[in-house]
Amino acid sequence: MPRPRYFTTPIYYVNDRPHIGHCYTTLVADVAARAARLIDGPKADVFFLTGTDEHAEKVVTSAAEHGMPPIEWADLNAQRFKDAFAFMGFSHDDFIRTTEDRHKTRAAALIADLMDKGAIELGDYEGWYDPSQEEYLTETVAKENDFKSPVTGRPLEKRTEQNYFFDLPAHEDWLRAQIESDAIRILPEARKNEVLGRIKQGLNRVPVSRRIKDDDPAPEGWGVTMPGDPEHRVYVWIEALCNYITAIDTPERAHYWPNSSGGDPLQPGGAGQSQVTHFMAKDIIWFHAVIWPAMLHAMGRPAPSTVYAHAYWIAEGQKMSKSLGNFIEIDQLRAYADKFSLDAVRWYLMTQGPLGATDSDFAHSRFVEVYNADLANGIGNSTSRVSNMIDKYFGGRVANFDPSVPVEIETEHAFVEVELTNHPTHFAQWVRESVEGCDNCNLASSLRLGITIVERVDQFISDTRPFSIAKKREGDARIESQLAMILFYSAEMLRIASLFLYPAMPEKMADLWRRWNCDHLNDPADHNSGFKAPLAELAQFGDGGYSLKPGQKITKGDALFMRADPKEDPPSA
RNA sequence: GGCGAGGUAGCUCAGCUGGCUAGAGCGGAGGAUUCAUAACCCUCAGGUCGGGAGUUCAAGUCUCCCCCUCGCCA
């Protein structure tokens, strides 16, 4: 049995409008989840979670501004995320909202557990309070604003109040050891250094609650109150982190968190144990790589295996910001998808995106370049030329050939035999590379393998020149067999290339499989229907159970990706 | 101010523990070809590897100084 794998995105602040940032993080998780399901095949045990974080005070005030109860406002906005994610073709298994009872009750239980274990205690909180906004500011923000309210300019007050604190410093040594040894793997590497550097500077207690104000605008039951102390509400950040557990705290799902029963509970990723990967943007790595693992440790639960923090998208060379109003929102991605196809958008984001530590630019000219190079001129054109030749020369069917007749190419001096015997070995190697890439979250390089194979197909066709051979095949069984073999090889290589490309482009690849009449999927019409076999078996070249067979129909269809004109204006939302 | 990352071809970046004429992809130029989506294939980049000094038989690759960019923290 393949080991269980659990992929998460952060739960998104429900007041936000879905934009490229939310979509990107979720896309990365989607591609990781799809790749895992493909690699592990029909027995894959993958759970992919996303959702929304809804208990922030601003949600209550925004709702009031819109003249509706907070939950209605949250419903409305959460739906926007659901719609956006459905549009993006994400394959999440669940969408959790922190306002749901299943979350609230379990989050409260987790906090209670921490209190029972003495990890959370009451203490004094001293900070800079902005009376006009009724909120505390961090030391940094306070200082930056010269200890005046950033909104009204009035002086801040130093205030003290009682709060509950999580004893983070108690876990310092453990955290450092876990992170240094990669027991908790922080990726990319640069982020790991950053986190370790910050831990070395010393850890502070983390406030986990806020006293509920007398004039609290939130309705009864909003948020999660501190167990045994209804005067305090659990700080949204702490409550939000709990979603990774609350969503899977059912008998069927519990195994997605590594359990304590088998061996050392604090050694995640032991054999058979679930592999947990949290994806997020770099701004919230501290919560996920330090506070959350420490909370889990305090509860006696294993930590996540991998915390992956990608960098940001910028737009046409400019940082995206509220003041500039240049966020690339879901509508703009929709406009690109309308023009270039959704899978093209997914491909661009995945292969050009900020998976590493540095930011990436979403530039229209770049989009078109990548679209043309990889998709239109790459997999699109190659599919087209291969299916066209099979149609033209063999009536649209994979033809029989005699494997003992070698394929030869004509050089200036002689006919040279083409080396084909290594093909199966090459593909087996690529499968290994792809699996390894996914394990290390090198999703982009794993996807690139598909394009590498397409390039091989184009080269192979140039070398063997089936279109020239076709002209002199009449009555020559040897040449006929060579032609059949070349096209079989080409089509078979494309079939395998498409498997590598699938996690990013599920719709288009399923389309290709329908044209090729391949039966990789349980339901050929549904790219989410699951695979009939693990990748290694599906990607077996030439004589595998899923390889193309003589007589198999290959349908010549419309262009998979039509070439785009770089001079055209960007699509607008 | 503290810690960290980085400055390599027009663009995006590879170059691990120092070693032959510094690489890839994209864009651009030329050629060849015609099965294909003006596509594919082949060839072409003469880039002071941020600047300076040093160590070494040998340095993008190590040391020191300087300049610049960017993170995280205070």
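Here is how names work: the chains are called A, B, and so on, in the same order as the sequence lines, proteins then strands, and each is numbered from 1.
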Are [X] and [Y] linked by a side-chain donor-acceptor pair shorter than 3.5 Å?
X	Y	answer
A:Arg185	A:Asn440	yes
A:Tyr12	A:Thr26	yes
A:His278	A:His288	no

[atom1] gap between [N] and [M], integer Å:
N	M	atom1	value
B:C20	B:A58	P	14 Å
B:C65	B:C3	P	13 Å
B:A14	B:A9	P	13 Å
B:G23	B:U48	P	15 Å
B:A36	B:C49	P	48 Å
B:U33	B:U12	C1'	31 Å
B:G60	B:A22	P	10 Å
B:G27	B:C11	P	16 Å

Using Watson-Crick or G-U wobble geometry with both distances below 3.5 Å, tell me the partner of [N], or none.
N	result
B:C72	B:G2
B:G46	none
B:C41	B:G31
B:U12	B:A24
B:C64	B:G52
B:C57	B:G19

Closer than 4.0 angstrom, basic N to acidic O: yes or no for [X] and [Y]?
X	Y	value
A:Glu408	A:Arg478	yes
A:Glu194	A:Lys282	no
A:Asp338	A:Arg334	no
A:Asp458	A:Arg385	yes

Compare side-chain N and O positions of [X] against OP1 and OP2 of [N] and report whether any pair is under 4.0 Å apart.
X	N	result
A:Arg563	B:A39	yes
A:Arg198	B:C73	yes
A:Lys319	B:G71	yes
A:Gln201	B:G4	no

Nucleotide nearest [X] (side chain, heavy atoms from C-beta), chosen from [options]:
X	options	answer
A:Arg465	B:C40, B:U34, B:G71	B:U34
A:Ser384	B:U34, B:U37, B:C41	B:U37
A:Ala373	B:U37, B:U34, B:G27	B:G27
A:Lys471	B:C35, B:U37, B:C72	B:C35
A:Arg191	B:U37, B:G71, B:C41	B:G71
A:Asn377	B:C42, B:A39, B:G4	B:A39

Evaluate salt bridge (charged side-chain N to carboxylate O under 4.0 Å, His left out) for A:Asp30 paired with A:Arg34, printing each intermediate quantity in order.
-> CA-CA 6 Å; A:Asp30 182 61; A:Arg34 284 179 185 277; 3.0 Å; yes
Along RNA chain B (nearest heavy atom to each residue), the more 5'-positioned of A:Trp286 and A:Val370 = A:Val370
When the nearest nucleotide of RNA chain B is assigned to A:Ser382 and to A:Thr358 on a heavy-atom basis, which residue is associated with the more 5' position?
-> A:Thr358
Expressed as a whole number of angstroms, how long is the span from [X]:[atom1] to [N]:[atom2]?
X	N	atom1	atom2	result
A:Phe460	B:C40	CZ	P	19 Å
A:Asp359	B:U12	CG	P	13 Å
A:Asp458	B:C42	CG	P	10 Å
A:Asn381	B:A39	CG	P	10 Å
A:Lys282	B:G6	NZ	C1'	13 Å
A:Asn372	B:G27	CG	P	8 Å
A:Arg366	B:G25	CZ	P	13 Å
A:Leu203	B:C72	CG	P	18 Å

Have a look at A:Lys192 and tell me which of A:Leu187, A:Val307, A:Asp182, A:Ile285 forms a side chain to side chain contact (heavy atoms under 4.5 Å, CB included) with it.
-> A:Asp182
Please say which of A:Leu487, A:Val386, A:Val398 ends up in a side chain to side chain contact (heavy atoms under 4.5 Å, CB included) with A:Ile554.
-> A:Val398
Looking across every strand, which nucleic acid part, if any, lies under 4.0 Å from [X] by heavy atom: base, sugar-phosphate, or nothing?
X	value
A:Tyr393	sugar-phosphate
A:Lys392	sugar-phosphate
A:Ala190	nothing
A:Glu369	sugar-phosphate
A:Lys556	nothing
A:Lys192	nothing
A:Leu560	base

Non-hydrogen side-chain atoms of A:Asn422 and A:Phe541 separated by less than 4.5 Å =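 SC-SC contact between A:Asn422 and A:Phe541 ruled out.
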Glycosidic class, syn or anti, of B:G60 using a 90° window around 0 |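 Nucleotide B:G60 adopts syn.
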Looking at residues 443-452 of chain A, who's got a heavy atom less than 4.0 Å off RNA chain B?
-> none
